[in-house]
Amino acid sequence: MSQDDSDTAERKMQFLFALRTRGVTDKRVLEAMEKVDRGDFIRGIFADRAYEDMPLPIACGQTISQPSVVGLMTQALDVQPRDKVMEIGTGSGYQAAVLSHLARRVYTVDRHARLVREAKSVLDRTGRLNVTTFAADGSFGLPDQAPFDRILVTAAAEDPPGPLLAQLKVGGIMVLPVGQSNTVQSLIRVRKLEQGLEYDELRPVRFVPLLEGMGKDT
Ligand code: SAH
């Protein structure tokens, strides 16, 4: 092994160790995260910080989430191998890549066409063939692809958007941050039951806001 390879192996070990110490204990989630190289999803000056447990800036003023938060959200979503999953907030495409190792199909939506284009190119290049990307306002979900077994929202809304709840199957799970964008938000899990919805509050988080309409690409 070259020095570079052993440095990379060492950084990956530390990356997985950090996930475990922050509460990501589900074996399937850890295996999925081990398979996805976060470095593929970060460009420019921050690329060499890809294996640190911190959010990092991506294009259009957005952020790639902190890996431990990606892990905890994925774990809370309890994805099953036959599941059809929708993610709102593609960003870099990293979370979608992690989900693609756990689910049958992943549909991911972002309001920034540029982010969708760039994420699609990395997802294609890295062979994530069961992910489909969409440039759209995800607050309305994807009515043509609904219903979904699982929905993950990676931008904060004040309340769970009605159209997303409507596109969740009975027995399905949605995980999302709720609260004002400039304060600490709560990560919540919503289960859709035969009779109504069951809510669980998981932990405090901080996400960019879920905004209406299409974004101006920067
Ligand atoms: N999951 C991403 C990080 C998401 S950052 C990753 O793994 O890298 C949040 C993303 O939500 C941003 O890219 C932002 O453009 C997007 N977003 C915000 N409001 C949205 C909306 N209404 N519809 C779709 N995407 C939205």
Side-chain angles (χ1 to χ4, degrees), residues 19 24 29 32-33 35-44 46-47 49-50 52-74 76-77 79 85-103 106-123 126 128 131-143 145 148 150-164 167 174-182 185 187 205-218:
L19 292 177
V24 184
V29 174
M33 293 186 75
K35 287 182 192 145
V36 182
D37 188 343
R38 189 167 181 253
D40 287 336
F41 296 85
I42 299 166
R43 294 166 189 224
F46 293 104
R49 310 193 73 172
E52 292 177 30
D53 191 29
M54 51 165 60
L56 292 170
I58 55 172
C60 305
Q62 305 303 315
T63 48
I64 177 171
S65 313
Q66 186 174 348
S68 56
V69 172
V70 169
L72 291 168
M73 287 176 94
T74 309
L77 204 59
V79 181
V85 181
M86 172 167 70
E87 180 198 20
I88 309 299
T90 312
S92 67
Y94 175 66
Q95 170 79 71
V98 172
L99 290 170
S100 77
H101 284 282
L102 297 163
V106 178
Y107 297 87
T108 182
V109 192
D110 205 288
R111 61 191 285 279
H112 283 287
R114 173 178 169 190
L115 291 177
V116 173
R117 213 166 42 240
E118 292 180 357
K120 179 176 173 13
S121 112
V122 183
L123 290 163
T126 53
R128 306 322 307 145
V131 182
T132 311
T133 54
F134 296 83
D137 179 350
S139 332
F140 302 103
L142 292 169
Q145 322 295 334
F148 299 96
R150 300 289 186 264
I151 300 177
L152 183 60
V153 187
T154 63
E158 300 218 350
D159 292 300
L164 302 187
Q167 290 171 31
M174 171 154 95
V175 171
L176 76 164
V178 290
Q180 306 269 338
S181 63
N182 51 355
Q185 305 132 5
L187 186 65
V205 282
R206 207 178 257 274
F207 274 84
V208 298
L210 188 75
L211 298 172
E212 285 179 14
M214 291 300 286
K216 283 206 177 62
D217 287 0
T218 49

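Order of listing sets the numbers, starting from 1, for every ligand and every atom in it. Index from 1, following the sequence. Quantities reported herein were computed from a predicted structural model and do not represent experimental measurements. What you see below is based on every heavy atom in this structure, not just the backbone, and it leaves out hydrogens, waters and symmetry mates.
Summarising the geometry, atom OG1 belonging to Thr74 is positioned 12.5 Å from atom CZ belonging to Arg150; distances are rounded to the nearest 0.5 Å. Summarising the geometry, atom CG belonging to Asp40 is positioned 11.5 Å from atom CZ belonging to Arg128; distances are rounded to the nearest 0.5 Å. The CG atom of Leu56 sits 14.0 Å away from atom CZ of Phe41, with the distance rounded to the nearest 0.5 Å.
The minimum heavy-atom distance between Ile151 and Leu164, with the atom names listed, is CD1-O, 3.3 Å. In this structure, Ser65 and Arg38 approach most closely via the heavy-atom pair O-NH2, 3.0 Å. The minimum heavy-atom distance between Leu99 and Leu77, with the atom names listed, is CD2-CD2, 4.0 Å. Of all the heavy atoms in Val205 and Leu187, the pair that sits closest is CG2-N, 3.7 Å.
Set against the non-hydrogen atoms of Ala155, the atoms of ligand 1 under 4.0 Å away are 11 (O), 18 (C). Heavy-atom contacts of Asp137 reach the following atoms of ligand 1: 21 (C), 22 (N), 23 (N) (cutoff under 4.0 Å). Residue-ligand proximity, His112 to ligand 1, at heavy-atom distances under 4.0 Å covers atoms 15 (O). Proximity to Ile64 (heavy-atom distance under 4.0 Å) selects the following atoms of ligand 1: 8 (O). Under a 4.0 Å criterion applied to the non-hydrogen atoms of Ser139, ligand 1 contributes the atoms 22 (N). The distance from ligand 1 to the heavy atoms of Pro209 drops below 4.0 Å at these ligand atoms: 18 (C), 19 (N). Less than 4.0 angstrom separates some heavy atom of Ala136 from each of these atoms of ligand 1: 23 (N), 24 (C).
Residue-level proximity to ligand 1 for Arg111 is carried by backbone and side chain together, each with a heavy atom below 4.0 angstrom. If you look at Ile58 next to ligand 1, there are no close heavy atoms at all, none under 4.0 Å. Contacts between Leu210 and ligand 1 below 4.0 angstrom, taking non-hydrogen atoms only, involve backbone and side chain alike. Residue Leu115 touches ligand 1 through its side chain alone, judged by heavy-atom distances below 4.0 Å. At a 4.0 Å heavy-atom cut-off, ligand 1 touches Gln95 through backbone and side chain alike. With a 4.0 Å heavy-atom cut-off, ligand 1 is reached by no atom of Cys60. The proximity of Glu212 to ligand 1, defined as any non-hydrogen pair under 4.0 Å, does not occur for either the backbone or the side chain. With a 4.0 Å heavy-atom cut-off, ligand 1 is reached by no atom of Ala96.
The protein non-hydrogen atom at the shortest distance from atom 12 (C) of ligand 1 is Gln62 OE1, 3.2 Å.
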Stepwise side chain to side chain contact (heavy atoms under 4.5 Å, CB included) test for Val178 and Asp159: CA-CA 6 Å; Val178 290; Asp159 292 300; 5.7 Å; no

Phe46/Ile64 under side chain to side chain contact (heavy atoms under 4.5 Å, CB included): CA gap, chis, key distance, verdict: CA-CA 11 Å; Phe46 293 104; Ile64 177 171; over 6 Å; no

Inset, instruction - Check step by step if side chain to side chain contact (heavy atoms under 4.5 Å, CB included) holds for Gln145 and Met86. - result: CA-CA 9 Å; Gln145 322 295 334; Met86 172 167 70; over 6 Å; no

I'd like to know whether Leu115 forms a side chain to side chain contact (heavy atoms under 4.5 Å, CB included) with Thr90, so could you lay out the CA-CA distance, the side-chain angles of the two residues, the decisive distance to 0.1 Å, and finally the verdict. CA-CA 7 Å; Leu115 291 177; Thr90 312; 5.9 Å; no

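No donor-acceptor pair under 3.5 Å is formed between the side chain of Thr132 and the backbone N or O of Thr108. Judged by distance alone, the side chain of Ser68 and the main-chain N or O of Leu19 form no donor-acceptor pair under 3.5 Å.
Ligand 1 lies within reach of Thr90, whose nearest heavy atom is under 4.0 Å from it.
Aromatic ring orientation, Tyr107 versus Phe148: perpendicular (interplanar angle above 60°, classes split at 30° and 60°).
Comparing Gly215, Gly213, Ser92 by heavy-atom distance to atom 6 (C) of ligand 1, the nearest is Ser92. Nearest to atom 5 (S) of ligand 1 by heavy-atom distance, out of Asp110, Val69, Thr63, is Thr63.
Not a single N or O atom of Ser65, backbone or side chain, sits closer than 3.5 Å to an N or O atom of ligand 1. For a threshold of 3.5 Å applied to N or O pairs, the pair formed by Leu211 and ligand 1 contains at least one separation below that value. Residue-to-ligand polar distances place Gly138 within reach of ligand 1: an N/O pair is separated by less than 3.5 Å. For ligand 1, the polar-atom distance check finds an N/O of Gly89 within less than 3.5 Å of one of the ligand's N/O atoms.
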